Amino acid sequence: MQALILAGGKGTRLRPLTVYTPKPIVPICNRPFLLYQIDTLRRAGIKDITLSLSYQPHKIEQLLGDGSDYGVNLKYTVEPQPMGTAGAYKYAEDLIRERTVVFNGDILTDLDLKTVIREHNARGATATIVLTPVDNPTAYGLVETEEDGRVRRFLEKPKADEITVNTINAGTYILEPKVLDFIPAGENHSFEYGLFPTLLERKEKFFAHIPQRTYWIDIGTPERYLQAHLDLLGGRVGRIHLKERRGNFDSATAAEIDELSMIGDDCFIKPGAEVINSCIGPGCYIEEKARVENSVLWPHTRVGSNAQVIGAITGRGCHIGRSAHIGPGAVLGDKTSITDYSQTGGEGE
Ligand code: GDD
Ligand code: MG
């Protein structure tokens, strides 16, 4: 048993964060995102993992190498141009001619993968798709199931009037190698619009797995990226435990840092500064009386004295001037410089 992680998308909805950092390795609580997926696989005993890349592949390879630092064996395939989700799987065919777990490379979950695999095997399924409930399925792939767990219908990005159920494709599949034969070689092809409808037409054994009490979020938009942090900091992700919340950093005794916040190494938190429910990357400076709340700061950001950053995300090496107010929903790209006293218009009071 092995795994393929689809990590070749451009991450357009997460711009500007993904301009210099590909989505699969954006930091989540100061750790490259893919490491959480690698943990999920390793917990299920899967160590042979292929990463399917296309956008900025070298940055990912450079960071993760052969996987030995993380207790797994990593291999890479790099498409000359994005081939689509199923096209990427087909492109990796020489490396995955056996039963394979496939992950969308932007899902943070504490899924118990062993149970999914056990169920797939017990049913003798050709394909198993994990589902999750969401409030609004329009941004996802809607999946209707039969009583016995078979998939009845798959509808990618349904319109509001096409929604029949709240269960959607959670972006985790177990696939038997025979499905490779249903995907055309050398073409752009998608699981969602191509392979899954094909499996249904062919009446293949295509089953759904609906896990109980499982955390699930697609980190692919700024709102959800921030939400994933707040959920992790708040301890709402059952099986994912944060490593040390406090790195080696310098803090004035008169600064306030709440219990939930995570602070990276080599930060300076100055007197009167407040850090609340936030994740601060390594090497950040929070100057006198600055306030950072419900926010994520990437490494080497400086928040000037009396400035406020509330409900926002800042990329690497940003500079927030004195008394500036960065309000909810703001997302600053790497190296953004905000002039003293600027206001972003959110309710960052
Ligand atoms: N290698 C490669 N090549 N990877 C790709 C390509 C490609 O051409 N296109 C997309 N990916 C990767 C992305 O990097 C991402 O990790 C994953 O495939 C899914 O692509 P997204 O662009 O994030 O899709 P989505 O979020 O709109 O929808 C998908 O995920 C939903 C769950 O979050 C679909 O699978 C939906 O059905 C599903 O509900
Ligand atoms: Mg996505």
Side-chain angles (χ1 to χ4, degrees), residues 3-15 17-18 21-26 28 32-34 36-38 40 49-57 59-61 75-93 95-96 100-109 111 127 129-144 151 153-158 162-163 165-173 175 183 186-197 199 206 208 210 214-225 227-228:
L4 178 77
I5 302 182
L6 298 172
K10 288 203 176 117
T12 44
R13 285 162 294 180
L14 208 48
R15 284 178 188 154
L17 300 172
T18 45
T21 307
K23 178 166 72 168
I25 53 170
V26 294
I28 295 278
F33 170 70
L34 274 180
Y36 294 89
Q37 294 203 320
I38 289 173
T40 303
I49 304 170
T50 300
L51 298 184
S52 166
L53 309 181
S54 175
Y55 179 66
Q56 300 188 348
K59 291 190 180 163
I60 301 177
E61 279 200 59
K75 291 198 178 117
Y76 299 87
T77 59
V78 180
E79 299 143 58
Q81 69 276 325
M83 307 275 293
T85 45
Y89 167 73
K90 180 77 176 175
Y91 189 79
E93 149 165 68
L95 295 174
I96 53 167
T100 299
V101 179
V102 178
F103 277 170
N104 280 357
D106 59 357
I107 303 300
L108 180 71
T109 180
L111 178 71
I129 180 171
V130 177
L131 307 189
T132 190
V134 291
D135 291 338
N136 178 6
T138 54
Y140 304 101
L142 177 139
V143 184
E144 289 178 15
V151 175
R153 181 160 175 252
F154 189 101
L155 184 60
E156 183 67 14
K157 309 283 187 301
E162 291 176 314
I163 294 169
V165 289
N166 71 345
T167 41
I168 59 116
N169 168 18
T172 296
Y173 323 116
L175 302 177
I183 303 171
E187 290 178 23
N188 196 292
H189 202 74
S190 112
F191 283 129
E192 297 82 353
Y193 296 100
L195 179 73
F196 297 154
L199 292 177
F206 183 17
I210 306 180
T214 297
Y215 179 84
W216 185 91
I217 198 166
D218 173 331
I219 61 147
T221 66
E223 299 73 38
R224 295 198 298 256
Y225 174 78
Q227 188 61 48

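Because the structure is predicted, anything quoted here is derived from the model rather than measured. First listed ligand is number 1; within each ligand, the first listed atom is number 1. Index from 1, following the sequence.
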Open item on the list: Are Phe154 and Tyr193 an aromatic pair, judged by ring center distance below 6.0 Å?
Closed with: no
- [ ] Taking atom types as modelled, find out whether Ser52 and Glu79 have a side-chain donor-acceptor pair closer than 3.5 angstrom.
- [x] yes
Open item on the list: For Lys10, is the NZ atom crowded, meaning more than 12 foreign heavy atoms sit under 6.0 Å from it?
Closed with: no
TODO: Return each pair, listed once, that meets salt bridge (charged side-chain N to carboxylate O under 4.0 Å, His left out) where at least one residue sits in residues 82-92; pairs must be two or more places apart or across chains.
DONE: Lys90-Glu93
Task: Atoms of protein origin (N, O or S) under 2.8 Å from the Mg ion (ligand 2) - done: Asp106 OD2, Asp218 OD2
Give every pair formed by an N or O atom of ligand 1 and a protein N or O atom closer than 3.5 Å, one pair per line with both atom names and the distance to 0.1 Å, or write none.
residue, atom, partner, partner atom, Å
ligand 1, 1 (N), Ser52, O, 3.2
ligand 1, 1 (N), Ser52, OG, 2.8
ligand 1, 1 (N), Glu79, OE2, 2.6
ligand 1, 3 (N), Glu79, OE1, 3.1
ligand 1, 3 (N), Glu79, OE2, 3.3
ligand 1, 4 (N), Gly8, N, 3.1
ligand 1, 8 (O), Met83, N, 3.2
ligand 1, 8 (O), Gly84, N, 2.7
ligand 1, 14 (O), Gly8, N, 3.4
ligand 1, 14 (O), Gly9, N, 2.8
ligand 1, 16 (O), Leu6, O, 2.9
ligand 1, 16 (O), Gly105, N, 2.8
ligand 1, 22 (O), Arg13, NH2, 3.2
ligand 1, 23 (O), Arg13, NH2, 3.4
ligand 1, 23 (O), Lys23, NZ, 3.3
ligand 1, 23 (O), Asp106, OD2, 2.7
ligand 1, 26 (O), Asp218, OD2, 3.0
ligand 1, 27 (O), Arg13, NH1, 3.3
ligand 1, 27 (O), Arg13, NH2, 3.3
ligand 1, 27 (O), Lys157, NZ, 2.8
ligand 1, 28 (O), Lys157, NZ, 3.3
ligand 1, 30 (O), Asn104, ND2, 2.9
ligand 1, 33 (O), Asp218, OD2, 2.7
ligand 1, 35 (O), Asn104, ND2, 3.2
ligand 1, 35 (O), Asn169, ND2, 3.1
ligand 1, 35 (O), Glu192, OE2, 2.5
ligand 1, 37 (O), Gly141, N, 3.3
ligand 1, 37 (O), Glu156, OE1, 2.6
ligand 1, 37 (O), Glu156, OE2, 3.4
ligand 1, 37 (O), Asn169, ND2, 2.9
ligand 1, 39 (O), Gly141, N, 3.0
ligand 1, 39 (O), Asn169, O, 2.7

Task: Minimum-distance pair of heavy atoms, taken over all atoms of Tyr91 and Val78 - done: OH-O, 3.4 Å
Task: Atom pair CG (Leu51) and CG (Leu4), whose distance is rounded to the nearest 0.5 Å - done: 8.0 Å
TODO: On the 0 to 90° scale, with breaks at 30° and 60°, tag the Tyr89-Phe191 ring pair as parallel, tilted or perpendicular.
DONE: tilted
Task: Under 3.5 Å donor-acceptor, Glu187 side chain and Gly87 backbone - done: no
Task: Test salt bridge (Lys or Arg N to Asp or Glu O under 4.0 Å) applied to Arg13 - qualifying residues, sequence neighbours left out - done: none
